[in-house]
Every structure is written in C-alpha cells, then in structure tokens.
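These numbers come from the heavy atoms of this one structure, side chains and all, not from hydrogens, waters or symmetry mates. What you see is a predicted model; the values in this text were computed from it and never measured. Throughout, a chain's letter reflects where its sequence line sits, starting with A, and its residues are numbered from 1.
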2 protein chains.
Amino acid sequence: MSRKPVGDKRTRLVNAAAKLVHEQGFHRTTLADISEESGVPLGNLSYYFKSKDAIGHAVVERLACAYDALRESWEAAPDPRDRLTSFIQLTMTNRDALSRSGCPVGTLCAELSKEGGLVADSATRVLGELRGWIEAQFRLLGKGAASADLANHLLSAIQGVSLLALAFHDVKLVEREARYLQRWVRDLAG
Amino acid sequence: MSRKPVGDKRTRLVNAAAKLVHEQGFHRTTLADISEESGVPLGNLSYYFKSKDAIGHAVVERLACAYDALRESWEAAPDPRDRLTSFIQLTMTNRDALSRSGCPVGTLCAELSKEGGLVADSATRVLGELRGWIEAQFRLLGKGAASADLANHLLSAIQGVSLLALAFHDVKLVEREARYLQRWVRDLAG
DNA sequence: GTCTATATGTGGATAGAC
DNA sequence: GTCTATCCACATATAGAC
C-alpha cells in the first residue's frame with residue numbers, strides 16, 4: 001500500500017493549475033507549466049483532462065468548494081454581522097497573496113469574462129454564490145429589499161481593493177479598506 | 001493634398017489596438033487583429049512599433065491623455081464635490097461599455113500586473129494619477145490625512161463595481177453603485 | 001494507466017522587394 | 001514608407017509505444 005507524494009495525480013494537477021492560474025493568469029499559464037509544477041508529464045495531462053478549458057473548469061470547481069467550506073465555517077456564528085466580519089477578515093488574512101496576485105476569483109472573471117466560455121461562466125457563478133450568501137446575511141439583519149444593493153456594495157469594495165492592491169503591490173491598501181469595511185458593517189443600523 | 005481615411009496610420013493603429021485591447025484583453029489581441037481592425041497590413045506594423053509591448057504602451061499613453069483631458073474638464077467646477085461627482089458620473093455614462101468590457105485601465109492592470117513589465121507599469125501609473133487627483137479633491141474638502149484612504153475607498157468602489165458589472169454583464173450594478181457613491185460624496189461632512 | 005515523441009496551428013517578429 | 005511572404009518559437013492537442 002505505498003503512497004505517491006501528494007494525493008492522486010488529478011488532484012496534484014488541479015492544485016498546480018490553481019496556483020499557477022492565480023499567480024500568472026489563465027492565458028499565460030501553459031500546459032507545460034502545469035506539467036512541471038505538478039510533476040506530471042506533459043503528455044499525461046490529456047488522460048485526466050481533455051483540454052485546457054477542462055483544467056480551468058476544475059480549478060474553478062476547487063475554488064467553489066473552498067468557498068463553500070468557508071461559508072459553512074462562517075455560519076458557525078449565529079449573528080450575521082459576525083459572519084460578514086469573518087468574510088471581510090478573509091481578505092485581511094490573505095492580504096499578501098492579494099497584493100501579489102489579486103483575488104483568485106475576481107482576476108479570473110476579469111480576464112475571462114470578456115471572451116465568455118465555460119470557465120468564465122463558472123468563475124462568475126462562484127462570485128454569484130458569494131454575493132447571494134452576503135445578501136442573505138443582510139436580509140437576516142433586516143435590510144429587506146436593500147440587501148441586494150448592500151451585498152453588491154460590499155463585494156465591489158472587496159474586489160476593488162483587491163485590484164488596487166494588485167496594481168500598486170500595496171498590502172496596506174487591503175488593511176485600511178478592511179478596517180473601513182469592518183466599521184461599516186458594525187455601524188449598520190438594524 | 002489628398003487625405004487618408006482617418007488620421008495617420010500610427011494613430012489608426014493605436015485606436016484599433018485600444019479598442020481591441022479593451023474588448024478582448026491584451027494577450028488575446030493579436031497583431032493580426034490590430035492589422036485587420038486598422039486596415040494597416042500586418043508586416044507594416046513593425047515600421048511604427050517595434051514590438052507588441054510598444055503598441056500596448058502607446059495604448060496606455062492614449063488612455064493617460066484621455067484622463068488628463070477629463071480631469072481638466074472636471075476642474076472647471078470650483079467645488080471639489082462637484083468634481084468628484086463628475087468623476088463618478090463618468091462610470092455612469094460609460095456603463096454599457098463597462099458591463100461589456102470592464103474599465104479600460106482596471107482590467108489592463110488586473111491582466112498585466114501579475115507579470116509586470118512596461119505596459120503593466122504604465123497602466124498602474126494611469127490609475128495612480130487618477131488616485132492622486134481624487135485625493136487632492138478630498139484634501140481641498142478639508143479631509144487632511146484621511147484623504148488618501150478616502151481616495152482609495154472611492155476608486156476601489158468604482159473598480160470593484162466595474163469588475164462585477166463585467167462578470168455579471170449587468171448594467172444596473174453600475175447605476176445603483178454610482179447613485180450610492182454620489183450620495184456618499186454629497187453627504188461627506190466637511 | 002503512464003509516458004515520449006510529435007503533429008498542428010498560431011503568434012510575434014523579420015527579410016527584403018517595391 | 002509600404003507591403004508580401006516567411007521564419008521561428010511556442011502552445012495545445014494527439015498518436016501510439018510501453
């Protein structure tokens with residue numbers, strides 16, 4: 001019952017692809033890059049994925065699962081305000097990666113939404129699920145019909161500061177905006 | 001003194017490249033695309049630009065000039081609050097293009113900042129000039145040391161909503177966030 | 001299932017005639 | 001200055017041995 005280095009090859013491929021796509025973007029990441037990073041020979045990729053888009057889709061599915069798990073952990077808190085605080089705290093925790101490579105979902109949407117396609121659509125869906133969850137928290141806070149706008153506003157702020165942090169390579173931007181948003185959530189009437 | 005269709009070839013090339021880069025992104029735009037869009041034969045591009053990066057740089061310079069002109073027009077208003085309102089109004093005016101292709105500067109930064117290089121740096125500089133101008137308006141409003149944070153907050157909101165509008169292909173997002181920000185600027189104490 | 005070798009297409013850049 | 005034809009590198013995808 002011997003075990004290979006880290007998980008099965010499919011998992012290693014998706015992990016490698018996720019890392020590279022986040023750091024370099026989807027177009028700039030080649031199958032050769034993924035092969036090297038994962039240690040799986042180039043020609044073997046096609047056994048696990050029939051195309052580069054299929055790898056991209058698997059990467060997005062992996063992100064979707066990660067966000068599912070995060071939301072579940074945030075829901076351990078009974079107060080929706082605390083849940084939103086946890087969400088904002090995530091960007092604070094990841095501020096180094098954000099200022100280096102941006103938001104893994106947001107930059108993917110920005111890069112691929114212009115051309116459309118399966119990967120772009122699934123990345124947008126991940127963003128949409130997150131937005132829906134945020135909106136639900138505002139609803140629980142009694143914001144009613146304004147909840148959708150508030151969710152878009154919060155997600156915009158997070159995505160926007162991630163983009164600025166990436167462009168200016170400035171961690172402090174995330175720190176300051178996160179503090180700003182934490183106050184904003186705390187001070188919301190309701 | 002006969003005249004060619006629209007301006008000299010160099011200008012036509014940059015205009016075509018700007019349009020395509022905005023709509024498709026930098027990597028996905030090929031020299032062949034630019035050749036076709038501009039009507040300038042492929043092999044002739046090298047006479048005007050020595051590389052694709054040189055074209056990208058010219059496109060960003062064109063954007064920088066456009067924003068210079070915009071800021072100058074906004075400064076016709078003596079009240080900094082009105083100037084900021086004009087800035088926010090710009091995204092409202094361009095909401096259709098934003099929801100189709102995102103912010104011309106922001107998406108370029110998102111795409112290229114991960115790899116660095118001349119084009120990424122100049123795109124970031126355009127964003128920085130805009131940020132500096134916004135900060136100056138807040139300073140004129142007496143916001144003092146908080147002006148930098150306020151500028152980053154406003155620019156983040158604009159960039160964030162542009163990204164969401166692009167991902168979800170939803171014009172209404174821009175309309176609602178613009179209204180939100182207009183109120184925010186109007187209600188700022190000072 | 002795993003891998004080497006390669007086919008096929010495309011993109012950026014250039015050579016050189018006019 | 002302008003344009004046609006082409007080179008070369010590289011990326012995706014596949015063929016087929018083991």
Side-chain angles (χ1 to χ4, degrees), chain A residues 1-60 108 111-112 114-120, chain B residues 1-60 108 111-112 114-120:
Chain A
M1 274 310 213
S2 72
R3 271 219 162 262
K4 276 299 161 63
V6 212
D8 57 70
K9 288 193 178 175
R10 205 191 136 92
T11 306
R12 272 162 57 203
L13 280 173
V14 178
N15 287 344
K19 174 177 186 288
L20 292 169
V21 167
H22 183 208
E23 290 175 357
Q24 309 182 335
F26 184 75
H27 283 128
R28 237 167 55 86
T29 298
T30 67
L31 298 181
D33 289 339
I34 299 172
S35 162
E36 191 183 14
E37 175 76 23
S38 63
V40 176
L42 179 59
N44 200 3
L45 266 57
S46 60
Y47 178 76
Y48 297 98
F49 299 98
K50 72 172 202 302
S51 69
K52 186 182 179 184
D53 266 20
I55 298 182
H57 188 251
V59 166
V60 176
L108 206 52
E111 184 184 1
L112 299 182
K114 294 185 181 193
E115 48 183 308
L118 178 73
V119 185
Chain B
M1 273 309 214
S2 71
R3 270 219 163 261
K4 275 301 159 67
V6 212
D8 57 73
K9 287 193 180 177
R10 204 191 137 93
T11 306
R12 271 162 58 203
L13 279 173
V14 177
N15 287 344
K19 174 177 186 288
L20 292 169
V21 167
H22 182 209
E23 290 174 356
Q24 308 182 336
F26 184 74
H27 284 128
R28 238 168 56 86
T29 298
T30 68
L31 297 181
D33 289 339
I34 299 172
S35 163
E36 191 184 13
E37 175 77 23
S38 64
V40 176
L42 181 58
N44 200 0
L45 300 207
S46 61
Y47 178 76
Y48 297 98
F49 298 99
K50 72 172 201 303
S51 67
K52 186 183 177 183
D53 265 21
I55 297 182
H57 188 252
V59 166
V60 176
L108 206 53
E111 182 183 1
L112 299 181
K114 296 186 179 192
E115 48 183 306
L118 178 73
V119 185

Salt bridge (Lys or Arg N to Asp or Glu O under 4.0 Å) partners of Arg28(B), counting only residues at least two apart = Glu115(A)
For DNA chain C, find the residues of residues 22-45 of chain A with a heavy-atom distance under 4.0 Å and give them by number; none if there aren't any.
-> Pro41(A), Gly43(A), Asn44(A)
Expected list for residues 46-56 of chain A near DNA chain C, using heavy atoms below 4.0 Å, is Tyr47(A), Tyr48(A)
May I have the list of side-chain donor-acceptor pairs in residues 29-36 of chain B shorter than 3.5 Å, sequence neighbours left out?
unit_1, atom_1, unit_2, atom_2, d
Thr29(B), OG1, Leu20(B), O, 3.3
Thr29(B), OG1, Gln24(B), OE1, 3.3
Thr29(B), OG1, Gly25(B), O, 2.7
Thr30(B), OG1, Ala32(B), N, 3.4
Thr30(B), OG1, Asp33(B), N, 3.0
Thr30(B), OG1, Asp33(B), OD1, 3.4
Thr30(B), OG1, Asp33(B), OD2, 3.2
Asp33(B), OD2, Thr30(B), N, 3.1
Ser35(B), OG, Val40(B), O, 2.7
Ser35(B), OG, Leu42(B), N, 3.1

For His22(B), which residues count as a side-chain contact (heavy atoms from CB on, under 4.5 Å) partner, sequence neighbours excluded?
-> Lys114(A), Ala97(B), Ser101(B), Pro104(B)
Could you pull out all residues at least two apart from Ala58(B) that satisfy side-chain contact (heavy atoms from CB on, under 4.5 Å)?
-> Arg10(B), Val14(B), Phe49(B)
If you walk 5' to 3' along DNA chain D, what is the first nucleotide with an atom under 4.0 Å of a heavy atom in chain A, and what is the last?
-> dA11(D) to dT14(D)
Verify side chain to side chain contact (heavy atoms under 4.5 Å, CB included) between Ile55(A) and Leu13(A), making sure each step is shown before the conclusion.
-> CA-CA 8 Å; Ile55(A) 298 182; Leu13(A) 280 173; 6.0 Å; no
Which pairs, with at least one residue in residues 37-53 of chain B and sequence neighbours excluded, count as a side chain to side chain donor-acceptor pair (under 3.5 Å)?
-> none
